[in-house]
Amino acid sequence: MAWDTTDTLGMGDVVSNESLANLLREERRFAPPAELAASANVTAEAYKRAKADRLGFWAEQARRLTWATEPNETLDWSNPPFAKWFADGKLNVAYNCVDRHVENGLGDRVAFHFEGEPGDTRSLTYAELQREVSQAAHALTELGVQGGDRVAIYMPMIPETAVAMLACARIGAPHSVVFGGFSADALATRIQDADARVVITADGGYRRGKPSALKPAVDEALTRPGTENVRSVLVVRRTGQDVAWSEGRDVWWHEIVDRQPEQHTPEAFDAEHPLFILYTSGTTGKPKGILHTTGGYLTQVSYTHHAVFDLKPETDVYWCTADVGWVTGHSYIVYGPLSNGATEVLYEGTPDTPHQGRWWEIVQKYGVTILYTAPTAIRACMKWGDDIPAKFDLSSLRILGSVGEPINPEAWIWYRKHIGADQTPVVDTWWQTETGGIMITPLPGVTATKPGSAQVPLPGISATVVDDDTNEVPNGAGGYLVLTEPWPSMLRTIWGDDQRYLDTYWSRFEKRYFAGDGAKKDDDGDIWLLGRVDDVMLVSGHNISTTEVESALVSHPKVAEAAVVGATDPQTTQAICAFVILRGSAAEDEGLVEELRAHVAKQLGPIAKPKRILPVAELPKTRSGKIMRRLLRDVAENRALGDVTTLTDSSVMELIQSKLPSAPSED
Ligand code: WT7
């Protein structure tokens, strides 16, 4: 069973009360700006309404969409945990994201301001998007794609990627987007598992100032057994680099798409028709193909984007910096914002190319008003220095969002102060690939925000924290985060593996969805996320969360970033081992290591004092910015490294290993 480790660890006493008090030591609350609160899309009343009638509330949100057949039924939960939302309704997702805005006279509104990494730009209006999506839909049909066929998408961050996804949605062919940084192996596994019929890719994209090839990985993936059903590879020309060509299989996008008719009649699909599969790696084993469907998914991403970002589509310029290969890109670049008629920025490259102010230059250039990014990026910007964003005019910004991992209070405060002029609300949004849409978050016009906490479930969402016996914990206590009622954008299953869906999410706590995260409720009942339960350490009989020790380390002025793991230890079961990136000017010496250990002991108590602290230049991260603690554990336990294929940069691990003293320093 997957629960072996968590069963022995238990999360009941993950953190001591002093340490929670410490997390809250700032004791700062930031009330919503009055002007924002006065014209907010969603007010406190929504919580009351949803509480009084949860299903009625979601039925009302479903009316944000344009249905070909209006649903009468809201939720069918007769066969839990297999949910059906709005099951008797029919709609077309692409129509909702594109055509209806054009029909409403908004054809000239910009959907995407595209900024290529080399500096090339292109603006795509809703009318242009409608033409391109229609043509791409015809092209897929010409290639033999039918409703229900899976299409793999392996692309850079360019407008054609969104066009490809919408074209699939338009003809009812579920897409499986594979992040463009993944290897041929990772791509092949995903093509096999979904039994994809067509792959959409590009010659390459621009990353860190140079073209980075994509097509060779597709060519290699398609030599693997189990990929034979791929009939066609549709290739966008982005970089112009040379590509190998398989006649009869490979087709240039511009040759087939551009000659198609510009009109395409969208067909209405059942609300439970599959919209996409998105693979999450998890820590071990075969990747899980998370299946999302049509009506419930679009309802929740549309509503949450409207509520959490307070989008005013006529005036806002919204920018989500995620890659479209992650769920954040699906829900909050493509489906949520476009269903709301947003104007967005789409940026191809990295934040530090050609200089570390690139993002802020883009904010200034397009007058970005809403920015949604990840703590890892915020910490990188902190490390580069306050003077960099200070060179740009960021006064257009009015809401800042964070997603992907717990945001430590220091980074939260820095983000608000240096990017948000000390006045924009920061919304820390908790959700997962599996939840499809945002679940726990402050609302910018309602909630007094607390740095470091995701705070409260959205209207219509039921989440709480339970102990090992599924009892809800009181305020001030910690445990496991669970979702207690189904929600519209929930995953429907793991593609091809209903049993794994049951085992992974629905068996640890009866009738509750277990998210895999540890969490704590503070004295106000607000939720603080404490990281994956697999990342909890057991030290001399105490459960200590890696997130907390990391948060304590980065609260020291000389530390820019920290990653903490528990390494097997004969005396204490596990010993806390920390890897830290120092801020620019801090010198790395024995004295500093001692200072940091003492700092953690002071902040969290002596039990949480790391046994070892290693200053390093970089940390191993997945492409979505999550620290790969598994690899750091390998290092800390002097083991050969496990699978490094999902790392952004595998040389990072060699660097870390080369720094490692052969014997751990004794206390
Ligand atoms: C896991 C889900 C949600 C889209 C991107 C990641 C962690 C995510 C937060 C947050 C604390 C967070 C959780 C969650 N996480 N957002 N605001 N605060 N933790 O999607 O790859 O499916 O990862 O990311 O551990 O379970 P994902």
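Each ligand, and each atom within it, is numbered from 1 in the order the structure gives.
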Trp431 side chain reached by Thr328 side chain, heavy atoms, under 4.5 Å: yes

Please give the N or O to N or O pairs under 3.5 Å between ligand 1 and the protein, distances rounded to 0.1 Å.
{"from": "ligand 1", "atom 1": "15 (N)", "to": "Gly404", "atom 2": "O", "distance (Å)": "3.3"}
{"from": "ligand 1", "atom 1": "16 (N)", "to": "Gly404", "atom 2": "N", "distance (Å)": "3.0"}
{"from": "ligand 1", "atom 1": "17 (N)", "to": "Asp428", "atom 2": "OD1", "distance (Å)": "2.7"}
{"from": "ligand 1", "atom 1": "17 (N)", "to": "Thr429", "atom 2": "O", "distance (Å)": "2.8"}
{"from": "ligand 1", "atom 1": "18 (N)", "to": "Glu405", "atom 2": "O", "distance (Å)": "3.4"}
{"from": "ligand 1", "atom 1": "19 (N)", "to": "Pro406", "atom 2": "N", "distance (Å)": "3.4"}
{"from": "ligand 1", "atom 1": "22 (O)", "to": "Thr433", "atom 2": "N", "distance (Å)": "2.8"}
{"from": "ligand 1", "atom 1": "22 (O)", "to": "Thr433", "atom 2": "OG1", "distance (Å)": "2.6"}
{"from": "ligand 1", "atom 1": "23 (O)", "to": "Lys626", "atom 2": "NZ", "distance (Å)": "3.4"}
{"from": "ligand 1", "atom 1": "24 (O)", "to": "Gly404", "atom 2": "O", "distance (Å)": "3.2"}
{"from": "ligand 1", "atom 1": "24 (O)", "to": "Lys626", "atom 2": "NZ", "distance (Å)": "3.2"}
{"from": "ligand 1", "atom 1": "25 (O)", "to": "Asp517", "atom 2": "OD1", "distance (Å)": "2.9"}
{"from": "ligand 1", "atom 1": "25 (O)", "to": "Asp517", "atom 2": "OD2", "distance (Å)": "3.0"}
{"from": "ligand 1", "atom 1": "26 (O)", "to": "Gln432", "atom 2": "NE2", "distance (Å)": "2.8"}
{"from": "ligand 1", "atom 1": "26 (O)", "to": "Asp517", "atom 2": "OD1", "distance (Å)": "3.2"}
{"from": "ligand 1", "atom 1": "26 (O)", "to": "Asp517", "atom 2": "OD2", "distance (Å)": "2.9"}
{"from": "ligand 1", "atom 1": "26 (O)", "to": "Arg532", "atom 2": "NH1", "distance (Å)": "2.8"}

Identified side chain to side chain contact (heavy atoms under 4.5 Å, CB included) counterpart of Asp316 within the set Asn340, Leu311, Val368: Leu311

Centroid separation Tyr372 to Trp319 less than 6.0 Å: no

Asp468 bridged to Arg508 by N-O distance under 4.0 Å: yes

Pair Tyr335 and His305, ring centroids less than 6.0 Å apart: no

Side chain to side chain contact (heavy atoms under 4.5 Å, CB included) against Ala578, all qualifying residues, sequence neighbours excluded: Leu553, Val564, Pro610, Ile613

